[in-house]
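Report on the following structure.
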Amino acid sequence: MALEILFVILAIIGVIIAYYFLKAATHLIINTVLGLIIFFIANAVFNLNIAYSIPALLVCAFAGIPGAIIVILLHIYGVGF
């Protein structure tokens, strides 16, 4: 009887931890997708000719919207990408 109660308590704790992890992950995923979309649209609409290289895509993916803006600005000023 005590073992079953312990498993139920551990399951509840696991669900709570998973909820907070997925809640935080949702914001990160949305930021990543929006960053990549902004990078693609800016490259297509303004014809920036930024290469879709691994470093440029990783910066946009990890930093999201600010990362896309940084990649675009660095390309415009001729510093990188």
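Grouping the Ile, Leu, Val, Met, Phe, Trp and Tyr side chains by contacts below 4.5 angstrom, directly or via other members, places Leu57 with Ile37. A chain of hydrophobic side-chain contacts below 4.5 Å, direct or via other Ile, Leu, Val, Met, Phe, Trp or Tyr residues, connects Leu34 to Leu73. When the side chains of ILVMFWY residues are joined at heavy-atom separations under 4.5 Å, either directly or via intervening members, Leu36 and Ile54 end up in two distinct hydrophobic clusters. Residues Leu58 and Leu74 fall into different hydrophobic clusters, defined by Ile, Leu, Val, Met, Phe, Trp and Tyr side chains chained together at heavy-atom separations under 4.5 Å. No continuous path of hydrophobic side-chain contacts links Leu28 to Val33 [ILVMFWY only; heavy atoms under 4.5 Å].
Here Ile70 contributes atom CD1 and Ile65 contributes atom CD1; the two are 12.0 Å apart, rounded to the nearest 0.5 Å. Here Ile69 contributes atom CD1 and Cys60 contributes atom SG; the two are 10.0 Å apart, rounded to the nearest 0.5 Å. Between the CD1 atom of Ile72 and the OH atom of Tyr77 there is a distance of 12.5 Å, given to the nearest 0.5 Å. Interatomic distance, His75 NE2 to Leu48 CG, rounded to the nearest 0.5 Å: 5.5 Å.
Among residues at least two apart or in separate chains, side-chain hydrogen bond (donor to acceptor under 3.5 Å, both in side chains) pairs with a member in residues 37-47 are Asn43-Tyr52.
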List the atom pairs, with distances to 0.1 Å, where a side-chain N or O of residues 3-25 and a protein N or O form a donor-acceptor pair under 3.5 Å, not counting sequence neighbours.
{"from": "Glu4", "atom 1": "OE1", "to": "Met1", "atom 2": "N", "distance (Å)": "2.9"}

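For the residue pair Asn31 and Ala63, the shortest heavy atom distance occurs at ND2-O, 3.7 Å. Taking every heavy atom of both residues into account, Ala56 and Ala51 meet most closely at CB-O, 4.0 Å.
Within the 4.5 Å cutoff, no side-chain heavy atoms of Phe46 are placed close to those of Ile41.
At distances below 3.5 Å, not a single donor-acceptor pair connects side-chain atoms of Thr32 with backbone N or O atoms of Gly64.
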